[in-house]
There are 2 protein chains.
Amino acid sequence: MPRRSAADAALTRASIIDRSVAVASVEGLEGLTIGRLATDLDMSKAGVIGHFGTKEELQLAALSAARAVYKREVWDRAAAVAPEPGRKRLLAIADAWMSYLARDVFPGGCFITAASCEFDDRPGRVREAIRAQHEEWLRVLAREAQAAIAAGDLPRGTRADDVAFTMNAIAMGTNQARHLAQDPDAPSRGWRAMRTLLHAPRARRRFA
Amino acid sequence: MPRRSAADAALTRASIIDRSVAVASVEGLEGLTIGRLATDLDMSKAGVIGHFGTKEELQLAALSAARAVYKREVWDRAAAVAPEPGRKRLLAIADAWMSYLARDVFPGGCFITAASCEFDDRPGRVREAIRAQHEEWLRVLAREAQAAIAAGDLPRGTRADDVAFTMNAIAMGTNQARHLAQDPDAPSRGWRAMRTLLHAPRARRRFA
DNA sequence: CCTACCGATCGGTAGG
DNA sequence: CCTACCGATCGGTAGG
């Protein structure tokens with residue numbers, strides 16, 4: 001029984017994180033258990049937790065992996081379509097965001113929203129990591145909104161941080177409509193709300 | 001050791017539910033444990049669970065109690081201020097809603113939002129109860145919006161269910177801003193977003 | 001409403 | 001990466 005190579009170990013670690021993200025998007029980061037992961041991955045519990053040391057480290061690793069997925073699926077997609085800051089890019093972000101929800105990138109819906117609801121009143125490292133991620137994302141949105149305001153593409157008196165706040169709120173509502181109410185039209189509804197917020201014409205848009 | 005009277009039993013039951021709502025608003029409905037309640041209430045676990053039979057029944061009882069609080073703090077307050085359906089009452093609802101969040105009626109923030117995030121992908125009776133409550137509330141909001149539209153108080157082409165959707169989204173975002181980001185101005189921000197949505201002038205408003 | 005108890009599972013460790 | 005194990009806690013029950 002030789003120890004496996006460092007490369008093999010890294011692959012195992014990645015597979016544990018992948019599975020953790022999927023499970024936690026449905027069961028929550030606390031509902032994620034080492035025993036459940038061990039069963040799913042045909043490993044021993046010690047083999048699972050050995051890669052992380054504690055459950056909290058595993059939760060932080062899952063959160064970080066989810067963040068990378070989120071960035072790729074929302075920000076990178078939008079930035080590729082709209083390379084300049086401003087209202088066009090906000091609309092591209094809204095589009096990519098609704099598409100991300102429509103495609104069920106995480107089986108239990110938006111991982112970040114779920115983690116945020118679960119930890120918003122539980123002090124600790126996990127909560128601080130979620131908070132830092134969330135605030136960074138709101139700053140990105142506000143920066144875009146500021147460019148749109150400077151270009152005269154949003155009504156005078158509009159506050160950039162209010163636009164960021166409401167876009168995030170609409171995404172949370174869309175996630176809820178899709179998962180709790182199981183409304184297949186949730187992303188279209190969210191899209192309409194985003195366009196109204198951004199004062200864009202109400203072009204119809206189908207998400208799948 | 002005589003058995004206590006039915007009235008005493010009802011009081012005990014009510015105290016268990018009260019405590020359950022408070023604990024679950026922070027720890028979640030699954031994080032709520034019978035042992036924790038027993039410790040908090042200086043009772044035995046059997047004494048706690050005996051009133052409900054199963055944890056699921058306890059969760060349903062807590063949800064129902066939270067719904068009553070929510071109705072009293074948001075709907076009843078708004079209806080007292082604005083007896084007629086329409087935009088004025090939507091503004092009164094927005095005001096009561098932000099006040100409910102500002103006053104931290106539940107220690108862990110909006111119980112319904114937390115429960116919704118936690119159960120939105122977990123089939124079962126709890127999820128169906130949350131869903132039914134949520135959809136009923138959205139219908140109430142849409143009915144108000146429909147009256148506002150009929151009275152010409154919202155722009156032509158506005159959809160009543162979209163107004164309900166976005167109001168709910170703004171409340172979710174406000175709850176997140178208050179608890180995750182610990183932003184004391186979250187209710188004021190939510191209030192601004194509600195007024196923008198409802199095309200009302202941006203009167204300043206302090207919440208506490 | 002209590003004591004006493006059940007099997008299952010939790011996160012985590014020792015040692016290899 | 002495994003087996004074997006730890007104390008703690010889980011939801012729930014029997015019996016009074």
Side-chain angles (χ1 to χ4, degrees), chain A residues 1-21 23-24 26-63 115 118-119 122-127, chain B residues 1-21 23-24 26-63 115 118-119 122-127:
Chain A
M1 280 294 188
R3 295 270 169 92
R4 297 169 68 191
S5 72
D8 281 345
L11 283 175
T12 301
R13 188 186 149 98
S15 77
I16 296 168
I17 292 173
D18 267 12
R19 187 76 202 143
S20 296
V21 170
V23 171
V26 177
E27 312 285 345
L29 276 169
E30 277 301 327
L32 181 66
T33 71
I34 297 157
R36 156 80 188 269
L37 286 172
T39 303
D40 287 2
L41 297 167
D42 266 316
M43 292 173 63
S44 66
K45 289 202 305 171
V48 170
I49 198 61
H51 284 276
F52 305 94
T54 65
K55 180 172 174 176
E56 189 181 53
E57 290 293 342
L58 170 60
Q59 290 171 324
L60 291 167
L63 182 64
E118 189 178 3
F119 279 86
R122 300 191 193 193
R125 294 172 64 207
V126 176
R127 174 211 163 121
Chain B
M1 278 294 189
R3 294 273 169 92
R4 298 168 68 190
S5 73
D8 281 344
L11 284 175
T12 301
R13 188 187 149 97
S15 76
I16 296 168
I17 292 174
D18 267 12
R19 186 77 202 141
S20 297
V21 170
V23 171
V26 177
E27 312 285 345
L29 277 169
E30 278 299 327
L32 182 65
T33 71
I34 298 157
R36 157 79 188 268
L37 287 171
T39 303
D40 287 1
L41 298 166
D42 267 313
M43 293 175 61
S44 65
K45 290 202 303 170
V48 170
I49 198 60
H51 283 276
F52 305 94
T54 65
K55 179 171 173 175
E56 188 180 53
E57 290 294 341
L58 171 61
Q59 289 171 325
L60 290 166
L63 182 64
E118 188 178 4
F119 278 88
R122 300 192 192 192
R125 294 171 64 206
V126 176
R127 174 213 164 118

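Note that this is a predicted model, so its numbers are computed, not measured. Proteins come first, then strands; the chains are lettered A, B, ... in the order of their sequence lines, and each starts at number 1. Keep in mind that the numbers below use all heavy atoms, side chains included, and drop hydrogens, waters and symmetry copies.
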- prompt: According to the Watson-Crick and G-U wobble definition with distances under 3.5 Å, which dot-bracket string, read 5' to 3', encodes DNA chain C, using [ ] for crossing pairs and | for pairs with another strand?
  reply: ||||||||||||||||
Inter-residue atom distance Ile34(B).CD1 - Thr54(B).OG1, 0.5 Å rounding: 8.5 Å
query: Between dC1(D) atom C1' and Leu37(A) atom CG, what is the distance in whole Å?
result: 16 Å
query: Just wondering, do Glu30(B) and Gln59(B) contact through their side chains at under 4.5 Å, heavy atoms?
result: yes
statement: The contact string for nucleotides 9-14 of chain D, one letter per nucleotide 5' to 3', using protein heavy atoms under 4.0 Å with B, S and - for base, sugar-phosphate only and none, comes out as -SBBB-
- prompt: Looking at Phe119(B) and Arg127(B), what are the two nearest heavy atoms and their distance?
  reply: O-CG, 3.4 Å
- prompt: Taking all non-hydrogen atoms of both residues, which atom of Val21(B) and which atom of Ala62(B) are closest, and how far apart?
  reply: CG2-O, 3.4 Å
query: Considering all heavy atoms of both residues, which atom of Leu58(B) and which atom of Ser20(B) are nearest to each other, and what is their separation?
result: CD1-OG, 3.4 Å
message: Just verifying a value: how many Å separate Lys55(B) NZ and Leu60(B) CG, rounded to the nearest 0.5 Å?
response: 12.5 Å
message: Using every non-hydrogen atom in the two residues, find where His51(A) and Ile16(A) come nearest and quote the distance to one decimal.
response: CD2-CD1, 3.6 Å
task: Measure the CZ-CG distance between Arg19(A) and Asp40(A) for me, rounded to the nearest 0.5 Å.
output: 4.0 Å
